[in-house]
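Worksheet: one structure, shown below.
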Amino acid sequence: MEQHPCPYGGFLACKNTFCEYGQRLSEILHLCSDIIESISKGDTSKKIDIKVQRYAVQRLIDSINKLAKEVDDLINLNHELAVGICEHFDVLRRLQEGDFSAEASEESKIEIVKMLGQLINKQKERFLDYISKIKEQQEQIFHFYEQQNAILSSVGVAIIVVEADMTIEFANSEFEDLTGYSKKEIEGKMKWTEFFSEEMLDKMIEYHNLRRISPSLAPRQYESKLKDRNGRIREVLMNVAMIPYTKKSVASIIDISERKKIQEQLIHSQKMESLGMLSGRVAHEFNNILTGILGFAGLLHTKIEEPILKNFVEKIIDAGEKARDLAKKLLVFSRKEEIGVIQEININKYLKNFSEFVKTIIGKDIELKLHLPEEEVFYRIDPLHLEVILMNLITNARDAMPEGGELIIGFKEISIDLEYHYTHPLVAPGDYVVLCIADTGAGMDEETKQRIFEPFFTTKPKGKGTGLGLSTVFGLVKQYNGHIHVYSEVGKGTTFKIYMPAKDKKIKPSISPETLKGAETILVVDDDEQTRDFISSFLKDYGYNVYEAKNGKEALEIFKKLNHEIALSLIDLVMPGISGIEVMRQIKTINPEAKIVIMSGHPIDLKDVISVEKTFAPEEILLKIRNILDEKE
């Protein structure tokens with residue numbers, strides 16, 4: 001121990017209360033006690049600045065001051081640690097809330113706080129990279145989804161995706177067009193069972209359930225009947241498959257209504273061919289038998305003198321000759337009768353002369369109208385065959401109008417294009433002379449119309465007809481490689497159109513497509529979807545804007561909104577609900593200057609009405625439209 005200057009042996013041994021080394025001891029001890037108490041409360045701001053000569057007292061003072069500094073350093077360290085941790089936790093909170101602008105400090109003096117900041121920032125970078133990759137993948141998925149939708153919407157086939165509970169999850173634009181419903185109305189709201197006829201539902205629901213048990217248990221492809229928004233039934237071909245790893249199925253739906261019609265046309269043609277072959281063979285054998293009967297009856301007639309017996313033989317010969325005429329008609333139907341003398345006939349003059357003769361046959365209660373082109377048309381045909389065709393069709397029309405009506409006879413030259421041939425495969429593309437016989441009589445239902453050309457089929461009372469008139473017409477037309485089209489509605493009349501191929505026909509001067517083009521807006525009104533689509537498509541091809549209406553009510557609604565925009569309206573004459581003439585009248589009420597063309601399945605002659613037949617060539621109607629719009633008609 002260092003030797004103190006105190007003569008009494010140091011601070012602890014000094015008994016002299018007046019010693020200069022001991023006079024402040026009690027004060028120093030009190031001060032030290034206060035400082036220590038402050039330190040214990042966390043206050044390290046106070047220090048002892050006294051310097052004493054006594055070694056022990058000074059060591060006590062220095063120790064207390066050092067303790068205060070170390071406690072202060074420890075408090076500062078804890079504070080910096082707490083602040084750093086709080087700041088890092090705040091950064092973590094902001095990152096969790098999606099604020100990726102937050103960044104942890106890496107400048108702390110405390111190593112662990114500094115390392116924690118670096119770790120948070122590194123994890124943030126990795127997280128941002130992960131989010132970037134997720135966004136990139138989401139964008140790729142979105143692009144894939146858009147591509148998939150584009151593919152499903154451009155394949156030209158109606159497609160739906162169906163949930164296990166039969167709800168339609170997805171429908172493309174073709175399905176919208178096919179059903180008349182929008183995607184908003186369909187997706188997630190309607191079940192596929194709402195679109196199919198009840199006669200097919202039980203079997204289709206069974207397929208739906210079996211497919212989810214085992215796809216092989218249900219047929220992948222089958223035919224069904226779909227009903228649209230208006231209740232119209234369409235024949236469709238279904239192709240259905242399960243989507244992997246789901247309970248969903250995808251179905252493509254192809255409208256085969258037109259295909260069915262074409263198939264029916266071909267089947268009907270084949271049936272008529274078979275009937276023709278059978279009729280020809282029967283007529284041939286029948287003629288052989290009749291030859292013997294009439295021959296021997298003739299010999300017997302020359303040898304019998306008894307008047308009564310001779311009369312009996314004459315009746316046998318008369319009946320045999322009637323049977324021979326019947327056989328001849330069967331041969332005509334079977335196209336085995338030889339064509340007679342072919343002559344070049346002026347059809348215009350022939351029909352004018354023939355119409356005078358017809359007036360005496362049809363009676364005064366039937367009005368005859370004749371529609372002939374201005375230019376004379378010549379056609380090579382056996383005059384007898386032409387007469388047989390006309391007489392049978394006119395007689396048939398007269399019988400359909402027992403209470404009177406209108407009989408329309410007309411003809412025109414047309415060209416059949418590939419589009420018409422596609423829907424009527426029995427009619428080859430080319431130039432034709434079309435002979436039209438139309439009446440306003442009772443008309444026919446579909447079942448009767450399908451059988452009218454069959455030999456011995458008749459709707460007339462027993463004894464009023466043989467049922468060979470129309471079959472004779474059919475056979476004669478087929479001998480000239482022609483075709484017959486029948487349009488009929490019950491209570492509205494019947495139209496027969498005879499398409500006869502025009503051979504060695506003079507070529508008409510071609511019309512420049514540029515002269516047929518336009519940019520005006522046309523309203524097309526027709527209840528037949530196929531006709532409406534056909535007219536709209538070639539109008540659009542030639543630059544016109546087109547609005548479509550499937551009935552008179554819809555046409556009037558469109559015209560009321562857009563009458564200043566619509567330059568011309570093409571309106572079908574016969575439509576359910578409001579007729580074409582009534583639609584024209586109401587449009588004229590809205591706009592007296594409106595330009596209107598009435599379309600009809602047969603020639604019409606109405607005062608102050610511009611009309612065109614539905615069997616027009618596109619160039620014909622385009623030329624008529626241009627002439628009307630340019631005020632040439």
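Residue numbers count from 1 along this sequence. In this text the structure is predicted, and so the values were computed from the model without any measurement.
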| query | Strictly under 6.0 Å, is that where the ring centroids of Tyr222 and Tyr207 end up? | reply | yes
| message | Can a side-chain donor-acceptor contact be found between Ser415 and Asp431 if the only test is distance below 3.5 angstrom? | response | yes
| Do we see a donor-acceptor contact under 3.5 Å between the side chains of Asn172 and Glu174? | yes
| Asn230 backbone acceptor or donor facing Asp228 side chain under 3.5 Å | yes
| task | Before accepting this row, confirm whether a basic side-chain N of the pair Lys191/Glu194 lies closer than 4.0 Å to the acidic partner's carboxylate O. | result | no
| query | Could you walk me through whether Lys550 and Glu529 pass the salt bridge (Lys or Arg N to Asp or Glu O under 4.0 Å) check? | reply | CA-CA 7 Å; Lys550 58 180 175 291; Glu529 183 179 3; over 6 Å; no
| message | Please evaluate residues Lys560 and Glu557 with respect to the criterion salt bridge (Lys or Arg N to Asp or Glu O under 4.0 Å), reporting the C-alpha separation (whole Å), side-chain torsions for both, the decisive distance (0.1 Å), and the verdict. | response | CA-CA 5 Å; Lys560 286 176 184 177; Glu557 290 175 355; over 6 Å; no
| Are any side-chain N or O atoms of Lys497 and backbone N or O atoms of Val486, one a donor and one an acceptor, separated by less than 3.5 Å? | no
| message | If the threshold is 4.0 Å, N to carboxylate O, is there a salt bridge linking Glu520 and Arg626? | response | yes
| Just by distance, do the side chain of Glu187 and the backbone of Ala171 share a donor-acceptor pair under 3.5 Å? | yes
| Distance-only, no hydrogens or angles: does the Ser224 side chain make a donor-acceptor pair with backbone N or O of Leu237 under 3.5 Å? | no
| said: What I'd like to find out is whether the side chain of Leu570 reaches to under 4.5 Å of the side chain of Ile535, using heavy atoms alone. | reply: yes
| task | For the residue pair Trp192 and His208, categorise the inter-ring angle as parallel (less than 30°), tilted (30 to 60°) or perpendicular (more than 60°). | result | tilted
| query | Angle class for the Tyr499/His483 ring planes (parallel below 30°, perpendicular above 60°, tilted otherwise)? | reply | tilted
| said: Using modelled atom types and a 3.5 Å cut-off, is there a donor and acceptor pairing between side-chain atoms of Arg212 and backbone atoms of Lys247? | reply: yes
| said: Tell me if a side-chain donor or acceptor on Ser569 pairs with a main-chain N or O of Ile571 at a distance below 3.5 Å. | reply: no
| task | Look at the side chain of Thr246 and the backbone N and O of Ile243, then say whether any donor-acceptor pair between them is shorter than 3.5 Å. | result | yes
| query | Can you check whether Glu163's main-chain N or O pairs, donor with acceptor, with Thr167's side chain at less than 3.5 Å? | reply | no
| task | Taking Asp439 for its side chain and Thr494 for its backbone only, find out whether a donor-acceptor pair lies under 3.5 Å. | result | yes
| request: Please step through salt bridge (Lys or Arg N to Asp or Glu O under 4.0 Å) for the pair Lys225 and Glu199, ending with a clear verdict. | output: CA-CA 9 Å; Lys225 293 182 179 180; Glu199 60 187 281; 3.7 Å; yes
| Thr440 and Glu406: side-chain donor and acceptor closer than 3.5 Å? | no
| message | Taking Met444's backbone N and O only, do any of them form a donor-acceptor pair with Ser488's side chain (distance below 3.5 Å, no angle check)? | response | yes
| task | Compute the ring centroids of Phe195 and Phe175, then answer whether they are less than 6.0 Å apart. | result | yes
| Please walk me through it: do Glu185 and Ser182 pass side-chain hydrogen bond (donor to acceptor under 3.5 Å, both in side chains)? | CA-CA 5 Å; Glu185 293 175 297; Ser182 67; 3.2 Å; yes
